[in-house]
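From a predicted model like this one, the values you see are computed outputs, not experimental measurements.
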Amino acid sequence: MLKLASWNVNSLKIRLDQVIQWLDSTGTDILALQETKLLDEHFPVTAFVEKGYYVVFSGQKTYNGVAIISRYPFSDVLTAIPDFEDPQRRILAVTVAGIRLINLYVPNGSELTSEKYQYKLNWLQRVTSFIQQQMTIYPNVAVVGDFNIAPEDRDVHDPAEWIGSVLVSPAEREAFTQLLQLGLHDSFRNFIQNEQAFSWWDYRAGAFRRNRGLRIDHILLNEALNTLCKQSIIDKEPRKAERPSDHAPVWVELDFKVS
DNA sequence: ATGGTGGTCTTACCA
């Protein structure tokens, strides 16, 4: 069994101890991180290596930043979408344990009238083409991360309240559907889940306590991996900690023999 | 209740 996870940590500097402890306590094999907010020269390599993990990262100062922590080594690392100029560090693609793993920190989009929203839609279009190309090359593909899209109304605590907002707009949901149409599966929906299951809660107004959240962190699997998926879980426990990330980690268990 | 919190080489911006 292979445990593959994704977590937007909202600053790895602040959350390092929580991440290490979560890795230890869950026995996670591969963890994709988003919003590390660290320059590469500041990445805490030693903290992971001394625990027996390999690390790969693509960061920048203050914003964005992605990384992958793994018990297995990496090859064929990409830190940008080919032929797409983008100063923001939001993608990390690696081959690890026989899986092509694509870790995404999709732009938030700010608001529908914002230039950032156009950037988000354009970025999603570019990344979708890239993933389509990757799926022709690699037999086992997992696309994970903070998608900043709640795919359906059941992924939103109060759909009426969110109409007209980013994370739920029709164009964003269409972009998510386009990803699924490449042959990817939203692993969470392989299984019967509790209602009101979310992966992100605003820090403000007691949103977590009141479970006013959205499900915007996803693990998408191609057909070959999806048939091996035995569980897909949102772990709310770390969100209850002191000084938590605003996101919960999500993970899947794959009945997958590492070759 | 249109507020509120948290992160960052902060006092503005992002989420």
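Base pairing analysis places B:dT2 opposite nothing; no Watson-Crick or G-U wobble pair with both distances below 3.5 Å involves it.
Here the side chain of A:Ser11 is nearest to one of B:dG7, B:dA15, B:dC9, namely B:dG7. Listed candidates were B:dG4, B:dC13, B:dC9. Nearest to the side chain of A:Ala205 is B:dG4. The A:Arg243 side chain lies nearest to B:dG7 when the options are B:dA15, B:dT8, B:dG7. When distances run from any side-chain atom of A:Thr62 to the nucleotides B:dG4, B:dC9, B:dG7, the shortest one goes to B:dC9.
Across the C1' atoms, B:dT10 and B:dT5 are found 15 Å apart, a figure rounded to whole Å. The C1' atoms of B:dG7 and B:dT11 are separated by 14 Å, rounded to the nearest whole Å. Nucleotides B:dC13 and B:dT2 have their P atoms positioned 25 Å apart, rounded to a whole Å. Nucleotides B:dC9 and B:dC14 have their P atoms positioned 15 Å apart, rounded to a whole Å.
Remark: P of B:dG6 and CD of A:Glu35 are 15 Å apart, rounded to the nearest angstrom. Across the protein-nucleic acid pair, A:Asn108 atom CG and B:dC13 atom P stand 16 Å apart, rounded to whole Å. Spacing between atom CD of A:Gln34 and atom C1' of B:dA15 amounts to 14 Å, rounded to whole angstrom units. Following rounding to the nearest Å, A:Lys61 (NZ) and B:dT8 (P) show an atom-to-atom distance of 13 Å. Atom CG of A:Asp202 and atom P of B:dT2 are 16 Å apart (whole Å). Atom P of nucleotide B:dA15 and atom CG of A:Leu214 are separated by 15 Å, given to the nearest angstrom. Atom pair A:His42:NE2 and B:dC9:C1' shows a separation of 9 Å (rounding to whole Å applied). Following rounding to the nearest Å, A:Ile149 (CD1) and B:dA15 (C1') show an atom-to-atom distance of 16 Å.
A:Tyr105 comes within contact range of the sugar-phosphate backbone alone, with a heavy-atom separation under 4.0 Å but no base atom that close.
Nearer to the 5' terminus of DNA chain B, by closest-nucleotide assignment, is the contact made by A:Ile14 (compared with the other of A:Asn64 and A:Ile14).
In this structure, A:Arg215 fails the cation-pi test against A:Phe198, since its NZ or CZ atom is not both closer than 6.0 Å to the six-membered ring centre and inside 45 degrees of the ring normal.
Ring centers of A:Trp7 and A:Trp251: at least 6.0 Å apart, outside the cut-off.
In this structure, A:Gly98 and A:Phe256 approach most closely via the heavy-atom pair O-CZ, 4.0 Å.
No side-chain N or O of A:His157 forms a donor-acceptor pair with one of A:Gln196 less than 3.5 Å apart.
Across A:Lys37, A:Gln34, A:His247, a single residue satisfies side-chain hydrogen bond (donor to acceptor under 3.5 Å, both in side chains) together with A:Asn10, and that is A:Lys37.
In this structure, A:Arg15 reaches the B:dG7 phosphate: one of its side-chain N or O atoms is under 4.0 Å from OP1 or OP2. Side-chain N/O atoms of A:Lys13 include none lying less than 4.0 angstrom from OP1 or OP2 on B:dG7.
The backbone N or O of A:Pro244 sits less than 3.5 Å from a side-chain atom of A:Tyr203, completing a donor-acceptor pair.
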